[in-house]
Asker: 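Here you go, one structure.
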Amino acid sequence: MFKTLKEDIEVIFEQDPAARSYLEVILTYSGLHAIWAHRIAHAFYKRKFFFIARVISQISRFFTGIEIHPGAKIGRRFFIDHGMGVVIGETCEIGDNVTVYQGVTLGGTGKEKGKRHPTIKDNCLIATGAKVLGSITIGENSKIGAGSVVLKDVPPNSTVVGIPGRVVVQNGVRIKKDLNHTDLPDPIADRLKELEMEIEKLRNELNELKERKIENDHSAL
């Protein structure tokens with residue numbers, strides 16, 4: 001247990017250049033406080049002391065702004081940077097050496113039962129404001145871009161961006177040009193384009209019917 005707590009501190013020094021001393025990290029890093037509170041709450045949860053576990057998690061949420069359900073399984077060297085607004089669901093499973101930033105949600109879609117939250121494999125990074133929803137798996141060494149909404153499994157060694165999230169890099173090979181803020185998918189524009197295509201198709205069919213009618217009229221004469 002103490003080895004795990006020490007690793008939780010050490011990973012902060014590795015990931016955050018602003019960390020200057022052990023005392024500063026222990027006293028001021030809300031992400032660390034949330035992780036430690038969760039480890040205690042999870043220990044009670046595994047022993048079926050559900051009420052105590054939830055009380056600890058809610059107290060932690062009040063002080064840190066980070067909500068981690070005591071049922072979530074979190075591996076070693078988990079790092080929450082800044083942390084405000086992070087939400088991690090009950091059946092979420094997080095591997096080792098995972099980093100998440102503020103505003104990240106590892107939640108459900110409201111449709112599943114049982115395992116309804118994501119599984120995050122080792123060495124993943126989930127950037128600011130990303131939403132990973134449902135019983136899906138994010139493969140090892142993958143990165144989820146800021147603001148992305150991921151609803152499907154992500155293969156290992158991938159980079160995902162956009163709404164909905166799509167793989168743009170896999171195994172170091174660019175699959176498609178990275179999106180910038182002006183290129184983010186626009187579902188409304190896509191739907192309007194589909195409607196325009198449908199209208200054009202109907203217009204062509206109508207013109208064909210008119211031509212046939214004129215031909216038939218001429219034949220009748």
Side-chain angles (χ1 to χ4, degrees), residues 1-107 115 117-132 137-146 150 154 156-159:
M1 183 65 176
F2 287 105
K3 179 182 178 181
T4 300
L5 299 180
K6 184 179 179 182
E7 287 179 338
D8 291 334
I9 296 174
E10 290 174 346
V11 72
I12 292 175
F13 284 102
E14 295 175 10
Q15 298 284 348
D16 187 358
R20 294 180 176 84
S21 69
Y22 280 95
L23 184 63
E24 177 189 18
V25 168
I26 292 171
L27 295 180
T28 67
Y29 275 64
S30 60
L32 180 65
H33 302 157
I35 293 168
W36 281 357
H38 171 73
R39 297 202 188 283
I40 296 170
H42 185 64
F44 280 106
Y45 188 88
K46 289 193 298 183
R47 291 166 177 78
K48 301 188 183 303
F49 293 109
F50 301 124
F51 178 73
I52 297 175
R54 285 308 300 263
V55 168
I56 293 171
S57 69
Q58 289 303 300
I59 292 173
S60 172
R61 176 180 180 271
F62 178 81
F63 283 105
T64 66
I66 299 168
E67 182 172 351
I68 308 176
H69 192 284
K73 299 177 181 178
I74 296 178
R76 298 166 47 198
R77 298 169 60 81
F78 181 51
F79 177 45
I80 301 176
D81 198 0
H82 299 291
M84 180 63 70
V86 168
V87 177
I88 300 175
E90 178 183 13
T91 60
C92 187
E93 299 179 24
I94 300 175
D96 298 334
N97 300 302
V98 172
T99 297
V100 303
Y101 288 84
Q102 68 271 21
V104 165
T105 298
L106 305 179
K115 179 71 168 77
H117 299 108
T119 296
I120 313 297
K121 296 292 189 177
D122 297 346
N123 309 311
C124 287
L125 183 147
I126 305 177
T128 304
K131 314 301 176 186
V132 183
T137 299
I138 308 300
E140 293 87 350
N141 310 306
S142 290
K143 299 178 182 179
I144 309 299
V150 184
V154 174
N157 309 303
S158 299
T159 298

Asker: Tell me whether S158 contacts the main-chain N or O of P156 through its side chain, where contact means a donor paired with an acceptor under 3.5 Å.
Answerer: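 Between the backbone of P156 and the side chain of S158 there is a qualifying donor-acceptor contact (under 3.5 Å).
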
Asker: Tell me, with the steps shown, if Y22 and E24 meet side chain to side chain contact (heavy atoms under 4.5 Å, CB included).
Answerer: CA-CA 5 Å; Y22 280 95; E24 177 189 18; over 6 Å; no

Asker: Please examine the side chains of Y29 and I9, heavy atoms only from C-beta on, and report whether any two atoms are closer than 4.5 Å.
Answerer: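 Side-chain contact under 4.5 Å: no.
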
Asker: Looking only at side-chain N and O atoms, does N97 offer a donor or acceptor that is under 3.5 Å from a partner on D122?
Answerer: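 The criterion, which ignores hydrogens and geometry beyond distance, is not satisfied for N97 and D122.
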
Asker: Run the salt bridge (charged side-chain N to carboxylate O under 4.0 Å, His left out) test against E90 and tell me which residues pass, sequence neighbours left out.
Answerer: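 R116.
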
Asker: Atom CZ of residue position F63 - does it have more than 12 heavy atoms of other residues, nucleotides or ligands inside 6.0 Å?
Answerer: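 Counting other residues, nucleotides and ligands, CZ of F63 stays at 12 neighbours or fewer.
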
Asker: For C124 and N141, work out which heavy atoms get closest and say how close.
Answerer: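 Shortest heavy-atom separation between C124 and N141 comes out as SG-N, 4.1 Å.
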
Asker: What pair of heavy atoms forms the shortest contact from H33 to L27, and how long is it?
Answerer: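 Taking H33 first and L27 second, the nearest heavy atoms are CE1-O, 3.3 Å.
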
Asker: For the residue pair W36 and D8, what are the closest heavy atoms and their distance?
Answerer: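 For W36 and D8, the tightest heavy-atom pair comes out as NE1-OD2, 3.3 Å.
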
Asker: Output, in order, the C-alpha distance, side-chain angles, deciding distance and verdict of side chain to side chain contact (heavy atoms under 4.5 Å, CB included) for K115 and T91.
Answerer: CA-CA 6 Å; K115 179 71 168 77; T91 60; 3.9 Å; yes

Asker: To the nearest 0.5 Å, what is the distance between CD1 on I35 and NE2 on H42?
Answerer: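 Result: 14.0 Å between the selected atoms.
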
Asker: Drop me the distance from I88's CD1 to F78's CZ, to the nearest 0.5 angstrom.
Answerer: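 These two atoms lie 4.0 Å from each other.
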
Asker: Hey, what do you get for CD (E10) to CD1 (I12), rounding to the nearest 0.5 Å?
Answerer: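 One gets 10.5 Å once the value is rounded to the nearest 0.5 Å.
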
Asker: Are any of the side-chain heavy atoms of Q15 and T99 separated by less than 4.5 Å?
Answerer: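 Yes, side chains in contact.
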
Asker: Heavy-atom distance under 4.5 Å between the side chains of T64 and I80, does that happen here?
Answerer: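 No - every pair of side-chain heavy atoms lies 4.5 Å or more apart.
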
Asker: Less than 4.5 Å apart, side chain to side chain, heavy atoms only: is that true for H82 and T128?
Answerer: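 When only atoms from C-beta onward are counted, T128 and H82 do not touch, as no gap falls below 4.5 Å.
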
Asker: Which heavy atom of P118 sits nearest to which heavy atom of G107, and what is that distance?
Answerer: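 Of all heavy-atom pairs spanning P118 and G107, the closest is CD-O, 3.4 Å.
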
Asker: Tell me if the centroids of the rings in F51 and F44 come within less than 6.0 Å of each other.
Answerer: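 Between F44 and F51, which both carry aromatic rings, the centre distance is not below 6.0 Å.
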
Asker: Give the table of side-chain donor-acceptor pairs shorter than 3.5 Å for residues 66-74, with sequence neighbours excluded, one pair per line with atom names and distance.
Answerer:
from, atom 1, to, atom 2, distance (Å)
E67, OE1, R61, NE, 2.9
H69, ND1, G71, N, 2.9
H69, NE2, R54, NH1, 3.3

Asker: Are more than 12 heavy atoms from other residues, nucleotides or ligands located less than 6.0 Å from atom NZ of K121?
Answerer: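 No - once you tally the heavy atoms of other residues, nucleotides and ligands closer than 6.0 Å, there are 12 at most.
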
Asker: Evaluate the side-chain proximity of D96 to R77: yes if any heavy-atom separation is below 4.5 Å, no if none is.
Answerer: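 Contact flag for R77/D96 side chains = no.
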
Asker: Any side-chain heavy-atom pair from L125 and Y101 closer than 4.5 angstrom?
Answerer: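 Yes, close enough: below the 4.5 Å cut-off.
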
Asker: If you compare all heavy atoms of L106 against all heavy atoms of H117, which two are closest, and at what distance to 0.1 Å?
Answerer: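 Of all heavy-atom pairs spanning L106 and H117, the closest is O-CD2, 4.1 Å.
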
